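We use all heavy atoms of the structure for the numbers below, so side chains are in, but hydrogens, waters and symmetry mates are not. Not measured: the values here are computed from a predicted model.
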Amino acid sequence: MCGITGWVSFHSDARTQTPVIEAMTATLAPRGPDAGGVWLGERAAIGHRRLAVIDLEGGVQPMTDRPDEPAIVLSYSGEVYNHHHLRAELRRRGHVFRTRSDTEVVLRAYAEWGEAVAEHLEGMFAFAVWDEREQRLLLVRDRLGVKPLHWAAVDGGLAFASEPKALFAHPEIRPRVDADGLREAYSLLFNTGPTVWSGVREVEPGGLLVLDRDGIRERRYWQLEAAPHTDDRDTTVERVRELVGAAAHSQLEADVPLCSLLSGGLDSTVLTALLAGELRSRQGPQARIRSYAVDYSDQAVEFTGDVLRTGHDTPYAVEAGAFIGTDHSTVVLDPRSLLDPAHRTAVVVARDSPIGVGDMDTSLYLLFGEIRQHSTVAVSGEAADEVFGGYPWFHSPKALAAGTFPWLLVTGDEAAMPLNPELDLRIAEFRDDTYRTALAAVPHLDGETPAEHRQRELQHLSLTRWLRQLLHRKDRLSMAQGLEVRVPYCDHRLVEYAFTTPWALKSHDGREKSLLRAAGAGLAPDSVLHRPKNHYPATHHPDYNRGLQQLARDALAAEQVRALTDETRLKPCLDTPSDRLEWGHRLRLERVVDLALWLDHYRPELAL
């Protein structure tokens, strides 16, 4: 996994701008701690930071098609899991390879298929190709948007980067936030395209962008489609197991230590069992995969259920690890480490955004830091809830009947940032307009029942919006620690198959994730297999709540923070005794603290 950046301008000579591309590339060093490089031509400057995972010696970037007078220059981030198959096909077509890296496969595939290269790739990726012959830049992002890719206009062209912080190292791009950016950040709608930063956009998941002398052209090369599902229940269950198994099989390849994230829930346990089985088939019956879980020093005593969490994870994770036969570790965190300003600042800088989930972000960042001491690649069960219908809103009559994004019934205004009403952001109106636009993008089949129609809407919204911020969180916090996280449930073949499967099959046993539970029979202990959905854990220690309240008071001492927030709505959160602070009120305080850290680090121009 890596970081990519650069720019193309038809109005200037990039060869005179070495310090600029080096500065942009340097901001991405945490994403690529192993190596870095730049390439400059007359119209293009390309930078790369590398986290070496496959072909440690041969995958150096930026990569060119030939050493002298290159016609194609590639800066690539990600993993293409079908690179062996593509390499064989490209060799049959006459291509000669000098490395065994998947990077070179992408390079040669572009030489063969041009911008249609995207449709041949399976995996998670974001890359830029500069074609010297055609004087054309191609930006490509994977189908689900696992890997980030941002861009902004510059004189005569555009700049691109894995993260906005690299764009801000370009002299023409400054950190600026306007009312539209605040609406995007705090409405919790997770649009694809616009960002909190004025003028900075994302290449859409399943999308590509082409820049040449005629201008910018964007298009989607993949999106979810509705299609008839003809498999019966048994066939569907078997097909799901095959697809999840194939994804796990393909994503086990690495030339560096690899581990699994094992929370003790259904998703991660099934996935870890498949990975462990595949590892034993390759290395022998004694092979054991490392697995990791996170916990808090107070959980065994202080755990309190809430709208997102029904139980303490650790006992289930330990049981699952023993059942599968992993080398399992639990990383235990205390309130002091979660409140540490250095840790919280690192998280905000990693995200390039004031929007996060407080202690859950900090704990994930610290967990990844511990894992990185032993492994370079981790495999995660992220996205199973979106794919198989695991969230409460898929099963709630209130959510099914609601005329808005279903997660707002969980987060709602209680968890939203209490913004100053004088800003007049009209977030409610923005939510309504965005919801109508989102529903218009949902594909349907003729003859759907109203119930099936609504469930398809909820799944499409979850896969194209809610999942976006979870993938963003996992990518940024893992890459800030130099750790690659793979997400097999985002395999597009699995996602496509599940999306076309009728809801009656997805919930055939009357519970969430029926298909995955049936497909995972025998892979997990019964206690895990039949356990209710449990979200990522949060600490419940009164010392954390007390410390958070103080951090929020300190944050509100800054004039710029006070100007953006509604202090009257924050007062109950600050005055509530720390042992009775509810999750929603606590999340408000988290947002104020993160806002202060974000403003202090980026010093953005606020054009409100």
Checklist entry - Would you find a donor on one side and an acceptor on the other, under 3.5 Å apart, between the side chain of Arg87 and the backbone of Ser101? => result yes
Checklist entry - For Arg233, does the CZ atom sit with more than 12 other heavy atoms under 6.0 Å from it, leaving out its own atoms? => result no
Checklist entry - More than 12 heavy atoms of other residues, nucleotides or ligands under 6.0 Å from CZ of Arg511: is that the case? => result yes
Next on the checklist: Any side-chain to backbone donor/acceptor pair from Thr345 onto Ala342? Under 3.5 Å, distance only.
Outcome noted: no
Checklist entry - Counting N and O atoms only, with roles assigned by atom type, does the side chain of Asp359 sit under 3.5 Å from a partner on the main chain of Leu338, one being a donor and the other an acceptor? => result no
Checklist entry - Between Arg493 and Glu122, is a side-chain contact (heavy atoms from CB on, under 4.5 Å) present by the stated rule, with each step listed? => result CA-CA 9 Å; Arg493 293 158 299 187; Glu122 298 172 5; 3.1 Å; yes
Next on the checklist: Taking Leu529's backbone N and O only, do any of them form a donor-acceptor pair with Arg517's side chain (distance below 3.5 Å, no angle check)?
Outcome noted: yes
Next on the checklist: What verdict does the side-chain contact (heavy atoms from CB on, under 4.5 Å) test give for Gln455 and Leu458, after you've listed the backbone C-alpha separation in whole Å, the side-chain angles of each residue and the deciding distance to 0.1 Å?
Outcome noted: CA-CA 5 Å; Gln455 287 292 353; Leu458 294 185; 4.2 Å; yes
Checklist outcome for this item: Rounding to 0.5 Å, atoms NE2 (His472) and CZ (Phe190) come to a distance of 11.0 Å
Checklist entry - Can you tell me if CD on Gln286 sees more than 12 non-hydrogen neighbours from other groups inside 6.0 Å? => result no
Checklist entry - For Gly389, does its backbone N or O pair with a side-chain atom of His395 as donor and acceptor, under 3.5 Å? => result yes
Next on the checklist: Before we go on, tell me: are the rings of Phe394 and Trp503 under 6.0 Å apart, centre to centre?
Outcome noted: yes
Checklist entry - Would you say the side-chain atoms of Ser260 pair up with the backbone N or O of Ser291, donor to acceptor, closer than 3.5 Å? => result no
Checklist entry - Do Asp142 side-chain atoms and Met124 backbone N/O form a donor-acceptor pair below 3.5 Å? => result no
Item to check | Donor on one side chain, acceptor on other, Thr236 and His229, under 3.5 Å | outcome: yes
Checklist entry - Donor-acceptor pair, Thr272 side chain versus Thr269 backbone, under 3.5 Å? => result no
Checklist entry - So, does Tyr489 use its side chain to make a donor-acceptor pair with the main chain of Ser380 at under 3.5 Å? => result no
Next on the checklist: Looking only at the aromatic ring of each residue, does the gap between the centers of His249 and Tyr81 stay below 6.0 angstrom?
Outcome noted: no
Checklist entry - Nearest heavy-atom pair of Leu149 and Arg141: which atoms, and what distance? => result N-NE, 4.1 Å
Checklist entry - Which heavy atom in Trp393 sits nearest to a heavy atom in Ser462, and how many Å separate them? => result NE1-OG, 3.2 Å
Checklist entry - Which atoms form the tightest heavy-atom contact between Glu319 and Pro525, and what is the distance? => result OE2-CB, 3.7 Å
Checklist entry - Within a reach of under 6.0 Å around CZ of Arg580, are more than 12 heavy atoms found that belong to other residues, nucleotides or ligands? => result no
Item to check | Atom of Asp313, atom of Ser263 and distance for their closest heavy-atom approach | outcome: CB-O, 3.4 Å
Checklist entry - Which pair of non-hydrogen atoms, one from Asp361 and one from Leu477, has the smallest distance, and what is that distance? => result O-CD1, 3.5 Å
Checklist entry - Between Tyr544 and Gly358, which heavy-atom pair has the shortest distance, and what is it? => result OH-C, 4.4 Å
Next on the checklist: Here's a test for you: under side chain to side chain contact (heavy atoms under 4.5 Å, CB included), which of Arg50, Gln481, Met479 qualifies with Arg31?
Outcome noted: Met479
Checklist entry - Okay, side chain of Gln469, backbone of Trp466: is any donor-acceptor separation there less than 3.5 Å? => result yes
